[in-house]
Amino acid sequence: MTSVNDIRSTFLDYFAEHGHEKLASSPLVPRNDPTLMFTNAGMVQFKNVFTGLEKRPYSRATTSQKCVRAGGKHNDLDNVGFTARHLTFFEMLGNFSFGDYFKEQAIELAWTLVTKEFGLDRNKLLVTVYHTDDEAADYWKKIAGFSDDRIIRIPTSDNFWTMGDTGPCGPCSEIFIDRGEHIWGGPPGSPEEDGDRFLEFWNLVFMQYEQTPEGGQDPLPRPSIDTGMGLERMASILQGVESVFETDLFKHLIDAAASAVRKSPTSETVASYRVIADHLRSMAFLIAEGVLPANEGRGYVLRRIMRRAMRHATLLGTNEPTIHKLVPTLVREMGQAYPELVHGEAMIAETVRLEEERFLKTLSRGLQILEDETAGLADGDTLGGDTAFKLYDTYGFPLDLTQDALRGRGIGVDQGGFDAAMARQKAEARKNWTGSGEAATSAVWFSVLDRVGATEFLGYESEESDGAVTALVREGAEVEALGEGEEGFVVLNQTPFYAESGGQVGDTGTMSGEDASAVVLETTKQAGGVFAHRVRVTGGRLEKGAPLTLAVDRARRTAIRANHSATHLLHEALREVLGSHVAQKGSMVGPDRLRFDFSHTKPLSDDELAEVERLANGIVLQNGPVETRLMAVDDAVAAGAMALFGEKYGEEVRVVSMGTALEGEKAGKTYSMELCGGTHVRRTGEIGLVRVVQETSVASGVRRVEALTADGARAYFAEQEAQLRAVASALKVSPRDALARVEALVEERRTLERQLADARQKMAMGGGANENGAAAETIEGVQFLGRVVEGLQPKDLRGLVDQGKKQIGSGIVTIVGLTEDGKAGIAVGVTEDLTARFSAVDLVRAGSEALGGKGGGGRPDMAQAGGPDAGKADEAVAAVKAMLAS
Ligand code: SER
């Protein structure tokens, strides 16, 4: 048997031998196209190569491309399970020529592969061509030898391929196989064409035009080729089975589903198994790429796929989470070709399980309501829109799930009524919204939100993507364009720019398109879901509807990621070191540093801080993956995730986990788990290093740490080291000896100061004196010794006065000391024999007044005072002296 894996490699090898570059599948979420929901064909990654915008070093390529057709143009969701060939997820094998070969060689390459390599019976093959494409018809005659009746001309869009509303397009030619009369169906173009007898398995598109948004078709610079072969369809042909679901890969998935529900498929139930197997692939590949179930955009399409599969699982009799159990089988089947499944296995299974748990809680109640409401309805009747909306709003039934559930009974759903109920609810929500008070500004954002919906954020996975401008706002009002030099806000259908929230600053970067370029100065979230990019137009004119290439400032974002992840690590490390009373009180995550405020009453000691750093850096060194899951808030909190008290969370939250605790109570368990919508590193090693640079108090009971990571921490240490080197070089020693040298210098200085003070004292008391001591004068028979001494501390005044008293034996000593910082102190001593006549306290007061001071105190034999006015030192001495004369 030719397995799916064999077919894939035969195809790719064949085209590689014919000069084609073998390339990897591009992601399912297209980064280069704002108009596409999911990659729906192999050519999507080459769109800009076809139009000439982008150059590649090769002109031929071949791929096996992951595709999802469930939402937007090419939506096969409703068909899956009910035909033998439709899938929401499939692999498209393709060969591409970028202005290299065209129709003739494309047909020749295809014909040889199909008939020689794959060995299909040429008599069972037939083709279609676009009705006016005589050229293609002639080549088929020449190359395949087909007669006219095997070349069917189709006048409809079926044979004119377009990727979406815009993009490269052209007439196409499809190859069909007739699988025999025993299967119902007719050839293409016939009334029975929808049957499964004639199976289209390869589409050759002759890319010649570019569909413009205005509806025109511009010729491409060079005609090109884009082909797409459904791998699963080819497998069904080569394996001789009637449907894609009977091929090896699907058989294994369906077997796994059968063992999970403990029942084998019957003709009544087989469609449910098929739905589950197909939808399992879509959901797993989307989740592996970071799309998570949500209530809008791509996340909502994913949710619809998941819930549809879940309902089918319950039809098979299970009422517990089942589909997540099939993930390992899928990974075994497809993990080799798509390693993202292997890497994401645990996360995929967990996301599916959580969505199953969430949905199962309301599913049976919803189904009961559906049954009650439709009890009286018959084939051809319609279920009211209000009921369908209630099922959607309260029980999480996407509209198509309700439609799917009723299709078998021939009951339709009133879609108009459903839409009206939805619009009513939105209007209500808008009325209840309480904004920040800037009424006029919020009004404009609300009308933008109403019209264009919430912006889809692609920035968890990438920092660059395309986006289409859906609204422009300038000075509080919507405008049609922003001119060069103008500042305003740009809203796009999707964006990689993070909008400021949860303490993380918004992204900056650039936007550019064919007619304009702009710098993004900041990004904020408005009206709850609109990402407002504040820009300045640097060139051209930015218009509504324009497709733009959006590029986040990568270096800045990288630094922000590291700081945000480090904040989580610090949070946990602080709890570990200080206790579980530590709770986040605020945070600020920027590119240059992070700030984290938390409840704690005392300053952290150096040891505590060192321990916090040690623990956080231990997780950095582990270099483990940072994992994000989507959970219901209650489940997340129950699992131990840290949530902010008082913070409003949606019904579902992102939960970010990192690290494995190495020590303590949590040893072996996840180190940090927090509810968080921010962007994070992929592995903790990218944080580089966590360094706390400050610890302060912000309010009573709230402390703040500020920290640096990665390059910021490196720059900080470099700066510290530069300073140390500068110090060492000034000291003329090596950095290692700097401390000892400084300590020696401090000691030396202390000794010198002492010596200087002594010398000054000596000089003061001895200056101008005879050898026996200080020179005193005699006033009214009393010896008076008065001195002004510079560089003298107040505490040294007394000692000096005592010394003077000894020197003169009997008399009065007055010393005014001037400190280095310009203050003055005065002390007066009276020898014992004179205390009856003079009080040192009175004398010092007189001196202190002269110095601009007041008071002073002491005893009759010794008193001291201060004064601000050092310039009046001599006057102070004179004032005391004057007291003797009076
Ligand atoms: N783009 C074409 C298709 O999807 C051929 O690859 O059918």
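- Ion pairing of R561 with E686 is absent here, as no side-chain N (NZ or NE/NH1/NH2) approaches a carboxylate O to less than 4.0 Å.
- At distances below 3.5 Å, not a single donor-acceptor pair connects side-chain atoms of T314 with backbone N or O atoms of N319.
- Side-chain atoms of N617 come within 3.5 Å of backbone atoms of V690 as a donor-acceptor pair (strictly under, hydrogens ignored).
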Practice item. Carefully, step by step, assess T495 and E456 under the rule side chain to side chain donor-acceptor pair (under 3.5 Å). Key: CA-CA 6 Å; T495 182; E456 182 161 6; over 6 Å; no
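- Between F497 and A551, the closest heavy-atom pair is CZ-O, 3.4 Å.
- Contact annotation: the side chain of F596 approaches that of L574 to within less than 4.5 Å [non-hydrogen atoms, C-beta and beyond].
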Point to revise | side chain to side chain donor-acceptor pair (under 3.5 Å) between T266 and T269, intermediate numbers included | key: CA-CA 5 Å; T266 63; T269 60; 3.1 Å; yes
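- Under 3.5 Å, the side chains of S465 and Q494 contain no donor-acceptor pair of N or O atoms.
- Rounding to the nearest 0.5 angstrom, the gap separating the CG atom in N5 from the CE atom in M334 is 8.0 Å.
- Distance check: E357 CD to H324 NE2 gives 7.5 Å after rounding to the nearest 0.5 Å.
- Looking at residues two or more places apart in sequence or on another chain, you find no salt bridge (charged side-chain N to carboxylate O under 4.0 Å, His left out) involving E21.
- Residues R557 and T679 have side chains in contact (heavy-atom distance under 4.5 Å, counting atoms from C-beta outward).
- Checking side-chain atoms of S501 against main-chain N and O of A499 turns up a donor-acceptor pair under 3.5 Å.
- Taking the centre of each ring, H279 and H312 stay at or above the 6.0 Å mark.
- Ion pairing between a basic and an acidic side chain is recognised when a charged N comes within 4.0 Å of a carboxylate O; R281 and E232 show such pairing.
- Atom CZ of residue R303 and atom CD1 of residue I305 lie 12.5 Å apart, to the nearest 0.5 angstrom.
- The backbone N or O of T684 lies less than 3.5 Å from no partner atom in the side chain of Q622, so there is not a single donor-acceptor pair.
- For the 3.5 Å distance criterion, the side chains of T523 and D507 fail to qualify, holding no donor opposite an acceptor.
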Practice item. Evaluate salt bridge (charged side-chain N to carboxylate O under 4.0 Å, His left out) for K66 paired with E340, printing each intermediate quantity in order. Key: CA-CA 12 Å; K66 306 182 270 192; E340 63 267 37; 2.4 Å; yes
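- Between E356 and R353 no salt bridge is recorded (no basic side-chain N to carboxylate O distance below 4.0 Å).
- Distance check: Q65 CD to L23 CG gives 10.5 Å after rounding to the nearest 0.5 Å.
- N563 has its side chain out of reach of P591: every pair of non-hydrogen atoms, C-beta onward, lies at least 4.5 Å apart.
- Using a 4.5 Å heavy-atom cutoff, the side chains of I7 and T10 are not in contact.
- Remark: side-chain polar atoms of E289 are paired, donor with acceptor, to backbone N or O of L28 under 3.5 angstrom.
- At least one donor-acceptor pair under 3.5 Å links the side chain of D553 to the backbone N or O of R556.
- Defined by atom type and a distance below 3.5 Å, a donor-acceptor pair is missing between the side-chain atoms of T567 and S587.
- The aromatic rings of F531 and F457 sit parallel, their planes meeting at an angle under 30°, below the 60° perpendicular limit.
- In this structure, CD1 in I687 is found 12.0 Å from CZ in R683, a value given to the nearest 0.5 Å.
- Here the side chain of E463 pairs no donor or acceptor atom with the backbone of L550 at under 3.5 angstrom.
- Of the N and O atoms on the side chains of D248 and Q239, at least one donor lies less than 3.5 Å from an acceptor on the other residue.
- Minimum heavy-atom separation, R307 to L401: O-CD1, 3.3 Å.
- Heavy-atom minimum distance, A636 versus L675: CB-CD2, 3.6 Å.
- Atom CG in D255 sits 10.5 Å away from atom OH in Y273 (nearest 0.5 Å).
- Ionic pairing of D13 and K22 is present here: one or more N-O contacts between side-chain nitrogen and carboxylate oxygen are shorter than 4.0 angstrom.
- Listed by chain and number, the residues in a salt bridge (charged side-chain N to carboxylate O under 4.0 Å, His left out) with D404 are R308, R311, R407 (sequence neighbours excluded).
- M658 is listed as a side-chain neighbour of H680, based on a closest heavy-atom distance under 4.5 Å.
- Remark: side-chain polar atoms of R298 are paired, donor with acceptor, to backbone N or O of M37 under 3.5 angstrom.
- Among all heavy-atom pairs drawn from F90 and N40, the shortest one is CZ-O, 4.3 Å.
- I560 has its side chain within reach of Q504: a pair of non-hydrogen atoms, C-beta onward, lies under 4.5 Å apart.
- F245 approaches T83 most closely through the heavy-atom pair CE1-O, 3.8 Å.
- Two rings, from F598 and H571, have their centers 6.0 Å or more apart.
- Salt-bridge formation is detected for the pair R274/E246: a Lys NZ or Arg NE/NH1/NH2 atom is positioned less than 4.0 Å from an Asp or Glu carboxylate oxygen.
- Relative orientation of the H568 and H564 rings is perpendicular, given thresholds of 30° and 60° on the angle between their planes.
- Judged purely by distance below 3.5 Å, without hydrogens or angles, the side chains of S657 and E627 never pair a donor atom with an acceptor atom.
- No donor-acceptor pair closer than 3.5 Å links the side chain of S565 to the backbone N or O of A562.
- No donor-acceptor pair under 3.5 Å is formed between the side chain of T670 and the backbone N or O of S672.
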Only distances under 3.5 Å count here; give the side-chain donor-acceptor pairs of residues 659-666 to other protein atoms, sequence neighbours excluded, each with its distance to 0.1 Å.
unit_1 : atom_1 : unit_2 : atom_2 : d
E663   : OE1    : R614   : NH2    : 3.1
K666   : NZ     : E572   : OE2    : 3.1
K666   : NZ     : Y671   : O      : 2.7

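- For the residue pair E91/Y338, the side-chain donor-acceptor check at 3.5 Å is satisfied.
- Checked for salt-bridge contact, K525 and E500 miss the test: no charged N lies under 4.0 Å from a carboxylate O.
- Taking the six-membered ring for Trp and the full ring otherwise, the centers of F397 and Y392 sit at least 6.0 Å from each other.
- Scanning both residues, V331 and L341, for their nearest heavy atoms gives CG2-O, 3.9 Å.
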